[in-house]
Amino acid sequence: MFHSLLLCVSVANACAIIESRNLGASTLTVRTRVAPSPTGDPHVGTAYTALFNYCVARHAGGQFILRIEDTDVARSNPQSQAAILESLRWLGLEWDEGPDVGGPHGPYQQSLRSETYRTYAAQLLEQGHAFRCFCTPERLEQLRSAQQRAGVRPGYDGRCLELSPAEAETLRANSTPFVVRMRVPREGICVVNDLLRGRIEIGWETVDMQVLLKQDGMPTYHLANVVDDRLMEITHVIRGEEWISSAPKHILLYNYFGWPVPALCHLPLLRNPDKSKLSKRRNPTSILYYRRMGYLPEALVNYLGLMAWSMPDGEEKFTLAQMAGKFDLKRISLGGPVFDIKKLTWLNGRWLRENLSDEEFAERVQEWALNRDYLMRIVPLVKSRVSLLSELGPLTAFFLSGDLNLNPKDFDDKKMSRDVICKAFAQVLAGLDELVTWNKEAITAVLKQSADAFQFKLRDFLRPFYVAVAGSTTSTPLFDSMEILGRDLCRVRLRRALELLQTARPATTDAEVD
RNA sequence: GGCGCUAUCGUCUAGGGGUUAGGACGUGAGAUUCUCAAUCUCAAAACCCGGGUUCGAUUCCCGGUAGCGCUACCA
């Protein structure tokens, strides 16, 4: 297996050429990691990266580590963290070390390691590889916009680099807030040796003097990731392509610390059908959504393994263990794969049909939705609305469905035209996306606000939403239902309803126009 | 704008200096089936463009173009 070492630091005639190089054989145990940031729903992109890291580790008989990158205090939250762990475990991507299972290099949660980062930042400061920056966010903002206006590359201008030690001391004595930035060579090139792409050259002049330690004392990704990968003995950093341009910063940090650089490998990014980076606005990205839709973890993880990778024999259906057994980084293709839900669904069908006995199928159905937890959330909503248990079917069908298969006519409404309904859907969709926490209160607030904005009584305004979300105006209460269904499913249903009405434009008024 | 990455059917991909460029999803047609699925058969469908290297490039090199990413006290 590979182990990469930092190579030459040839600073010849003011031309810094720093290069990471992957050296040959090494006896080190392969250790990989996935390092999600707990700032939202568990993302399929996280699972995809985790999968490749998992396979590299398992194939080599090494270890796979889960680390939580929660240094963004404002955006990180424990619910998201819990959901990420649960989702990855659901997919079968078991980790050897992590926040919940522990391990010899813990804690595996960066917010618990601030002291460590501070120590290393202090070391860089002491050695002159980093400096305190007292510039205010306002100044930086002005600087950036001025640079943009002038058509210059935005970046820190190095002002605080010129502070004399005495000046810096005075500012500190006055407890002026500061951040720690890294020093970056101003010329020369950095060579990033990517396992997949080979040699990538990036000029130092394009690398900003990144903040390493934020004003709140938390490290940025760049510092934390390097320090932790070193301390956790990570040998292969396998992450998304989006990180290529910051690789020089990381290589430089390893260099400053005198540490070997792990092997670097940048995976192609999962894409929306329009080829942009996979995003929830255009596609369901939450693993929770796929679980709720009734995809099997085996199928989802299998499909993710079809993204950018293929089995040597071309077989498309395989287990995680089979993939890990045959895994070879070299078989990764570099074009960004479009996440195609149709093919995922086909694959899921195969898993369902070909791999489950009737007993197992029944068990899966129970686990999926006919479980006590889910039922107990629905029962309070339906009990008062039925006089026969058999009325449960139609009343709760939408809780057990994916796509609702609606007809534009279902939305016909005496008080709201199709046009207004479309606008309402669009506005609410945007409002719901903004929500930090998905619960009844927050959902209620969004809908009420929109109803006001459209100058409708809430009950009138809500009618098309009942149809879009529950398939009918005869239904359990909307806000509760939406909370239970979850954000992704609601988003998908509303978006689909919107598309349905938009493409079926000629409603009642101008049917003859074209 | 700057820097970087990428480029085979609509989509996921195999392949690779000489091939009828292979498979899969999806699409269309047919078969089978009490319906519908499933299954089977068949069909349409691709090497981004221009130079170079070469006896020969889709494959190797360069350029262009396009797509994407990054350009934060987010990761």
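Per chain, numbering begins at 1; letters A, B, ... match sequence-line order.
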B/rC5 base / A/Arg197 side chain donor-acceptor hit below 3.5 Å: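 Check fails, no donor-acceptor contact within cut-off.
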What is the base-pairing partner of [N], counting Watson-Crick and G-U wobble geometry with both distances under 3.5 Å?
N: B/rG69; value: B/rC3
N: B/rU39; value: B/rA31
N: B/rC9; value: none
N: B/rA21; value: none

Pair A/Glu298-A/Asn355, side-chain hydrogen bond (donor to acceptor under 3.5 Å, both in side chains): steps then yes or no: CA-CA 10 Å; A/Glu298 294 93 325; A/Asn355 287 69; over 6 Å; no
Check: A/Tyr295 ring centroid to A/Tyr303 ring centroid under 6.0 Å: no
Centroid separation A/Tyr120 to A/Trp259 less than 6.0 Å: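 They qualify: ring centres under 6.0 Å apart.
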Which value, in whole Å, describes the distance between the [atom1] atoms of nucleotides [N] and [M]?
N: B/rU8; M: B/rC61; atom1: P; answer: 16 Å
N: B/rU6; M: B/rG10; atom1: P; answer: 23 Å
N: B/rG51; M: B/rU65; atom1: C1'; answer: 14 Å
N: B/rC12; M: B/rC49; atom1: C1'; answer: 25 Å
N: B/rC9; M: B/rA14; atom1: C1'; answer: 13 Å

Touch class at under 4.0 angstrom, heavy-atom based, for A/Val179 against every strand present: base
A/Asp340 side chain, from C-beta outward: closest of B/rC25, B/rU39, B/rA75: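 Nearest to the side-chain atoms of A/Asp340, counting from C-beta on, is B/rC25.
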A/Arg230 and A/Phe257: CA distance, side-chain angles, deciding distance, side-chain contact (heavy atoms from CB on, under 4.5 Å) verdict: CA-CA 10 Å; A/Arg230 164 66 178 184; A/Phe257 286 122; over 6 Å; no
